[in-house]
Amino acid sequence: MIDPKSLRDDFPALQQRLQSRGEYDLGPLRELDQAQRTLEQQCHQLQARSNEIGRLVGQKLKARLSAQDPDVQMLTQEGNSLKIQLAELEPRLRELKGRLEQALLMIPNPPSPLTPLGKDEGDNRLCHTWGEPRLPDFPVLPHWEIGESLGLMNFTRATRMAQSRFVALVGAGAALERALIQFMLDRQTQAGYLEVAPPLLVNTQALTATGQLPKFGEESFRCAQDDLWLIPTAEVPLTNLYSGEIIPGGSLPIYHCAYTPCFRREAGSYGRDTRGLIRLHQFNKIELVKLVHPQTSEAEHQTLLGDAEAILQALELPYRVVELCTGDLGFSACRCFDLEVWLPSAGNYREISSCSNFGDFQARRGNIRFKEPGQKGTQFVHTLNGSGLAVGRTMAAILENYQQADGRVKLPAVLQPYLNREFL
RNA sequence: GGAGAGGUGGCUGAGUGGUCGAAAGCGACAGAUUGCUAAUCUGUUGUACGGUACGAAAGGCCGUACCGAGGGUUCGAAUCCCUCCCUCUCCGCCA
């Protein structure tokens with residue numbers, strides 16, 4: 001959520017930063033904020049007098065005046081008239097407040113000044129590449145063909161019991177997934193992230209805090225009967241671990257990692273990536289989340305990116321880093337780097353991790369604050385997160401990059417100890 | 001699912017209609033003091049929003065809201081009434 005004060009103090013700058021994402025007219029919002037505050041002041045004044053009357057009546061009754069005393073009568077009458085006025089104003093105030101709140105929740109995060117300006121994907125900035133894209137001299141198979149021919153995965157049966165965009169991993173396929181999870185968690189906990197096994201179902205408030213709601217409800221699976229949602233990413237439970245809390249300043253920064261399945265409805269992506277592990281309704285991911293002091297969030301973002309990159313490097317998978325431009329930025333992010341892994345069958349790079357800085361955007365929505373020791377007041381933390389990494393896409397990248405002329409797949413050296421074998 | 005208990009400030013816990021934002025204790029912070037790894041004494045100690053003829057500023061002052069959430073009764077609600085949520089205990093079921 002944006003700072004409502006910036007609507008008043010910093011309006012032109014705010015408007016301009018938001019417009020770098022696309023079209024946003026904040027004018028109506030500013031008027032709403034103005035109207036709300038005027039009305040609120042009116043109510044406060046009436047309430048103040050009403051409180052005073054309450055106090056006076058109390059004093060008089062204590063001084064053994066009877067309730068029928070003219071003084072008391074006059075006060076209670078005034079109190080009654082105030083009550084009538086408030087009964088009219090308060091519902092209007094509540095309504096305005098609700099509308100303002102809803103409108104604020106729909107405003108995306110203004111991009112960081114560091115984010116390159118641009119309209120869409122085409123304007124993203126290539127930061128650097130790592131490793132040499134492989135193009136073997138034998139016919140390259142897509143990972144789902146490799147996977148099915150080696151008996152690692154089965155799409156037909158998974159689809160029969162569930163829906164399209166589901167997979168059942170089998171035998172060494174399931175073991176490889178598990179090994180990757182273990183490997184990634186080992187690395188990230190060594191890098192200083194405290195592992196959490198969070199709830200996979202969360203409430204509406206949690207999804208609102210991280211920004212998936214109210215705008216993107218159709219992207220998540222909802223259990224209507226209990227008003228709970230399947231998490232689309234562990235970002236949601238990890239960030240919400242501290243919602244509503246005031247963290248002692250000395251406890252920052254906080255680093256968490258988690259392995260969780262993620263669930264996405266993929267509404268609106270019909271026909272895209274219909275085969276393979278790239279776009280499933282259920283997939284596994286290791287997520288990294290940081291809660292940090294605002295002054296350090298830029299530096300923390302870079303090290304977070306490095307922690308995600310380290311996994312690809314350890315697996316010796318070629319990749320590149322792309323910084324998203326203002327027009328391509330996710331709703332909640334103010335700055336974002338994507339890691340894209342080389343996929344030989346596509347002859348292209350494919351997103352495997354997204355490392356975002358959210359500034360105080362999520363912290364405001366989730367009310368996550370910290371208090372500097374010795375200082376008055378509280379501040380919102382900055383939140384960051386990144387995939388470290390998406391497991392299914394990593395598996396796809398391994399199968400394709402490590403396929404051999406004889407149809408087998410050689411395992412990356414760091415994974416061999418986890419699976420006790422060299423080839424799949 | 002059945003029966004019961006309960007949700008108060010960082011924590012424990014008092015408070016059943018009238019200056020209660022809330023006693024007390026603990027903790028924390030600041031100062032004082034004692035020759036001893038700590039004790040004692042004193043003081044301070046929630047959050048948010050708004051206003052401001054104060055202040056260079058930090059801040060001060062004024063107001064409003066918050067005792068699980070939302071309604072209601074009343075001149076006045078932590079306290080009474082209604083609805084909802086959550087937690088705990090016992091029983092049942094169950095990985």
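Excluded from the calculations below are hydrogen atoms, water molecules and symmetry mates; all remaining heavy atoms, backbone and side chain alike, are included. Lettering of chains follows the sequences in order, A, B, ..., and the numbering in each one begins at 1.
Rounded to an integer number of Å, the gap from CG of A:D69 to P of B:C75 is 16 Å. Between A:N51 atom CG and B:C20 atom P the separation is 14 Å, expressed in whole Å. Protein atom CG of A:L86 is 11 Å distant from nucleotide atom C1' of B:U64, rounded to whole Å. Protein atom CZ of A:R55 is 10 Å distant from nucleotide atom P of B:U19, rounded to whole Å. Following rounding to the nearest Å, A:K62 (NZ) and B:G17 (P) show an atom-to-atom distance of 13 Å. Here the P atom of nucleotide B:U73 and the CG atom of A:N80 are 11 Å apart, to the nearest Å. The interatomic distance linking A:Q205 (CD) with B:G68 (P) rounds to 17 Å, in whole Å. As rounded to whole Å, 18 Å separates atom P of B:U64 from atom CZ of A:R94.
Between the P atoms of B:G31 and B:A23, the separation comes to 25 Å (whole Å). On the C1' atoms, B:A22 is 10 Å away from B:A14, given to the nearest whole Å. With both ends at atom P, the span from B:G10 to B:C86 equals 23 Å, rounded to whole Å. Comparing B:C82 with B:C88, their C1' atoms are spaced 24 Å from each other, to the whole Å. Comparing the same atom, C1', in B:C84 and in B:C93 gives a spacing of 26 Å after rounding to whole Å. Rounded to whole Å, the separation between the P atoms of B:C26 and B:U40 comes to 9 Å. Taking the C1' atom of each, B:A48 and B:U37 are spaced 42 Å apart, rounded to whole Å. Comparing B:C85 with B:C29, their C1' atoms are spaced 37 Å from each other, to the whole Å.
Residues A:Y319 and A:Q313 bring a donor and an acceptor atom of their side chains to less than 3.5 Å of each other.
Comparing B:C75, B:G50, B:A48 by their closest approach to the side chain of A:R37 singles out B:G50. Taking every side-chain heavy atom of A:Q41 into account, B:G50 is the closest of B:A65, B:G50, B:U47. The side chain of A:K5 lies closest to B:C49 when the candidates are B:U19, B:C75, B:C49. When distances are taken from the side chain of A:Q59 to each of B:U19, B:U47, B:C75, the shortest belongs to B:U19.
For B:U47, the OP1/OP2 oxygens have no side-chain nitrogen or oxygen of A:T378 closer than 4.0 Å.
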Donor-acceptor contacts, no H, no angles, side chain residues 230-237 of chain A, under 3.5 Å, sequence neighbours left out:
unit_1: A:T233; atom_1: OG1; unit_2: A:E235; atom_2: N; d: 2.9
unit_1: A:T233; atom_1: OG1; unit_2: A:K285; atom_2: NZ; d: 2.9
unit_1: A:E235; atom_1: OE1; unit_2: A:N385; atom_2: ND2; d: 3.4
unit_1: A:E235; atom_1: OE2; unit_2: A:Q362; atom_2: NE2; d: 2.8
unit_1: A:E235; atom_1: OE2; unit_2: A:N385; atom_2: ND2; d: 3.4

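Both A:K371 and A:S50 lie close to RNA chain B; mapped to their nearest nucleotides by heavy-atom distance, the more 5′-ward contact belongs to A:K371. Heavy-atom nearest nucleotides on RNA chain B were determined for A:R369 and for A:Q45, and the one closer to the 5' end corresponds to A:R369.
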Intra- and interstrand pairs of RNA chain B - dot-bracket, Watson-Crick/G-U under 3.5 Å, | marks other strand:
((((((((.[[[..)..(.....]]]((((((.(...).))))))(((((((.(....)))))))).[[[[[..)....]]]]])))))))....

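Expressed to the nearest 0.5 Å, how far CD of A:Q19 lies from OG1 of A:T326 amounts to 11.5 Å.
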Side chain to side chain contact (heavy atoms under 4.5 Å, CB included) between A:L26 and A:L18, intermediate numbers included
CA-CA 9 Å; A:L26 288 174; A:L18 275 173; 3.6 Å; yes

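Checking A:V289, A:N367, A:T383, A:I368 one by one against A:Y242, the side-chain contact (heavy atoms from CB on, under 4.5 Å) holds for a single residue, A:I368.
In this structure, A:R275 forms no cation-pi arrangement with A:F155, as its terminal cationic atom is not both closer than 6.0 Å to the ring centre and no more than 45° off the ring axis. At least one test fails for A:K410 against the ring of A:Y402: distance under 6.0 Å to the centre or angle within 45° of the axis.
Glycosidic conformation of B:U37 is syn; the angle stays within 90° of 0.
Across all strands shown, A:K60 has no heavy atoms under 4.0 Å from either base or sugar-phosphate atoms. Within 4.0 Å of A:L61, counting heavy atoms only, lies at least one base atom of the nucleic acid. If you check every strand for non-hydrogen atoms under 4.0 Å, A:R8 touches sugar and phosphate atoms only.
With respect to the salt-bridge test (charged N to carboxylate O, under 4.0 angstrom), the residues A:R335 and A:E298 qualify.
Proximity of the aromatic rings of A:H382 and A:F358 is defined here by a centroid distance below 6.0 angstrom, and this criterion is not met.
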